[in-house]
2 protein chains.
Amino acid sequence: MSSASPDTRTKILQATWRLMEQQPGQGVRMSDIARAAGISRQAVYLHFPARVDLLISTTQYVDQVLDVDGRLAPVRNAATGIEQMDRLIAFWGDHVEKIYGVARALLAMRETDAAAASAWDERMSAVRDGCRSVFEALLRDRQLSDDWSVETATDMLWAMLSVRTWEQLTAECGWSADDYVERMQLQARLTFVKV
Amino acid sequence: MSSASPDTRTKILQATWRLMEQQPGQGVRMSDIARAAGISRQAVYLHFPARVDLLISTTQYVDQVLDVDGRLAPVRNAATGIEQMDRLIAFWGDHVEKIYGVARALLAMRETDAAAASAWDERMSAVRDGCRSVFEALLRDRQLSDDWSVETATDMLWAMLSVRTWEQLTAECGWSADDYVERMQLQARLTFVKV
DNA sequence: GCGCTACTTGACACCATGTCAAGTGCAAGC
DNA sequence: GCTTGCACTTGACATGGTGTCAAGTAGCGC
C-alpha cells in the first residue's frame with residue numbers, strides 16, 4: 001500500500017494537508033484534493049478507500065513530518081512536575097496550530113463516522129496520558145494541590161487543552177499562540193499547584 | 001408565521017427537541033422530525049424554509065420553555081462577584097445539560113452554514129457577557145487576581161464554559177452534572193480570585 | 001355550495017460520496 | 001518487438017439527504 005506508489009500517495013496526502021490548512025475542515029471535497037494533487041478523483045480512491053481513511057492517513061503523515069515524538073522529548077525529560085506541565089502546554093499550543101486544519105476535518109467527521117471517532121479518540125487519549133503523567137510527577141514532587149486527585153486534574157487539564165478550546169481562544173478571542181501558552185500555563189499553575 | 005398555525009409549528013418544535021435529546025445532533029433528519037410530529041416531510045418546510053431555520057427556532061423555543069431569563073435572575077442578583085461567578089457556573093452546568101441535544105446539532109451546522117454560525121455565536125456572546133459581568137463585579141470587589149484583566153479572564157472562563165468542554169467532561173470523563181459544577185467553580189476560584 | 005388554508009402525495013433537481021467498467025500509456029521481462 | 005501488469009483516466013451510475021414544485025384533498029367559515 002505505502003510501498004506500491006509512494007509518490008502519488010504522498011502527493012495526495014500533501015494536497016490534503018495543504019487544502020485543509022487553507023480552509024480548515026469541512027469545505028474540502030475529494031474532487032478538490034484530486035485536482036490539487038494533479039490526478040483524477042478516482043485515483044484518490046485507489047489509494048484511500050474512503051474519505052475517512054484519507055483523513056486518518058493525513059493526520060499520521062502530518063505527525064510524522066512534524067516529528068511529534070522528537071519534539072515531545074523535552075516534555076518527557078523535564079526535571080520537575082511543574083516544568084513538565086509548562087513544557088507540555090507549550091508543546092501542545094505549538095502543535096495544535098500546525099495540525100488544526102486536518103484536526104478540524106477529522107473532528108467534524110467524528111460526529112457521524114465511527115472510524116473517524118476512534119482514530120480521533122485514540123490520538124486524544126495520548127494527550128490525556130501526557131496530562132496524567134504531569135500530575136503523577138506533580139504528586140511525586142508533593143506539589144499537587146489537595147483540591148485535585150491525579151484523575152480529576154487529568155480530566156480538567158485535558159479538557160482545557162482540547163482543540164476546540166484552542167480554536168475558541170485563538171479564533172474567537174483573538175489570542176496569539178504565545179498568549180495561549182502563557183495563559184494556559186498560568187491557569188494550570190494557579191489551579192493545580194499547591195500554594 | 002407563529003400565529004398562523006401554532007399547533008403544528010409547536011408540534012414540529014417539540015418533536016425536534018425530543019429527537020435531538022434522544023440522539024444528540026447530526027443523526028436527526030427532516031423526515032424523522034416529520035414522522036415524529038405526525039405530519040408529512042413537506043409540511044415541515046411549510047413552517048421552516050430550511051433545516052437551519054428549524055434548528056434556530058428550536059433553540060429559541062427551548063430557551064422560552066426553560067425560562068432562561070427567569071432562571072438567570074439569581075445570577076444577576078448575587079451580592080458579591082464570587083457569588084455571581086458560582087451561580088453563573090451552576091446555572092450553566094444545569095442549562096447545558098438541557099440544551100445539549102439541540103446545541104450539538106446547531107454546532108455541527110455551524111461548520112458549514114453561515115446562518116447557523118451567527119445564531120450560535122449570538123447566543124454564545126450572551127454567555128460571554130455573563131462572564132464579563134462576573135469579572136467586573138470581582139474587580140469592583142477588589143478580588144480579581146492581578147494575573148488577569150477583565151478581558152483575558154472573560155475569554156478564559158468563557159472557553160472553560162464552552163459546550164464542547166462540558167461535552168468532553170461529562171461524556172468522555174464521566175463527570176456528573178454536580179462534578180462539573182463543583183470542579184468548575186473550584187477551578188474558577190483558584191484561577192481568578194485573589195488569594 | 002364556495003373558497004381559503006393547511007396539509008398530503010409524489011416527482012424531481014442537486015450535490016457529495018463511493019462504485020463500476022472499459023480504456024490508455026508506460027515499463028519490465030521474454 | 002510483443003505481451004503482461006500496473007497506475008491512472010474517463011465517464012456513467014447508485015445512494016442518501018436537502019430542498020423545490022405542482023397537483024390534489026380535507027375541513028371550516030361564510
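Computed over heavy atoms, backbone and side chain alike; hydrogens, waters and symmetry mates excluded.
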S.K.: Going 5' to 3' through nucleotides 17-24 of chain C, assign each nucleotide B (protein heavy atom under 4.0 Å from a base atom), S (under 4.0 Å only from sugar-phosphate atoms) or - (no protein heavy atom that close).
M.R.: BBBB----

S.K.: At less than 4.0 Å, is any side-chain N or O atom of H47(A) found next to OP1 or OP2 of dC8(D)? Yes or no.
M.R.: yes

S.K.: So that I can tick it off, tell me whether R164(B) and E167(B) are bridged by a salt bridge, with the cut-off set at under 4.0 angstrom between side-chain N and carboxylate O.
M.R.: yes

S.K.: Quick one: side chains of residues 85-94 of chain B, donor-acceptor pairs under 3.5 Å with protein atoms, not counting sequence neighbours, listed by atom name and distance.
M.R.:
{"from": "R87(B)", "atom 1": "NH1", "to": "P74(B)", "atom 2": "O", "distance (Å)": "2.8"}
{"from": "R87(B)", "atom 1": "NH2", "to": "E83(B)", "atom 2": "OE2", "distance (Å)": "3.4"}
{"from": "W92(B)", "atom 1": "NE1", "to": "L161(B)", "atom 2": "O", "distance (Å)": "2.5"}
{"from": "D94(B)", "atom 1": "OD2", "to": "R71(B)", "atom 2": "NH1", "distance (Å)": "2.7"}
{"from": "D94(B)", "atom 1": "OD2", "to": "K98(B)", "atom 2": "NZ", "distance (Å)": "3.1"}

S.K.: Report which part of the nucleic acid I39(A) touches: base, sugar-phosphate, or nothing (heavy-atom distance under 4.0 Å, all strands).
M.R.: sugar-phosphate

S.K.: Could you pull out all residues at least two apart from R110(A) that satisfy side-chain hydrogen bond (donor to acceptor under 3.5 Å, both in side chains)?
M.R.: D121(A), E172(B)

S.K.: What residues, two or more places apart in sequence or in another chain, satisfy side chain to side chain contact (heavy atoms under 4.5 Å, CB included) together with A171(A)?
M.R.: none

S.K.: Going by the ring-ring contact (aromatic ring centres under 6.0 Å, His included) test, which pairs reach into residues 119-140 of chain B, not counting sequence neighbours?
M.R.: F135(B)-F192(B)

S.K.: If I take atom CG in residue L55(B) and atom P in nucleotide dT18(D), what distance separates them, rounded to the nearest angstrom?
M.R.: 11 Å

S.K.: Could you pull out all residues at least two apart from S176(B) that satisfy side-chain hydrogen bond (donor to acceptor under 3.5 Å, both in side chains)?
M.R.: D179(B)

S.K.: Rounded to the Å, how far apart are I33(A) CD1 and dA16(C) P?
M.R.: 13 Å

S.K.: Would you mind reading off the distance between L46(A) atom CG and dT10(D) atom P, rounded to a whole angstrom?
M.R.: 13 Å

S.K.: Starting at atom CZ of R9(B), determine the distance to atom P of dT5(C), rounded to an integer number of angstrom.
M.R.: 19 Å

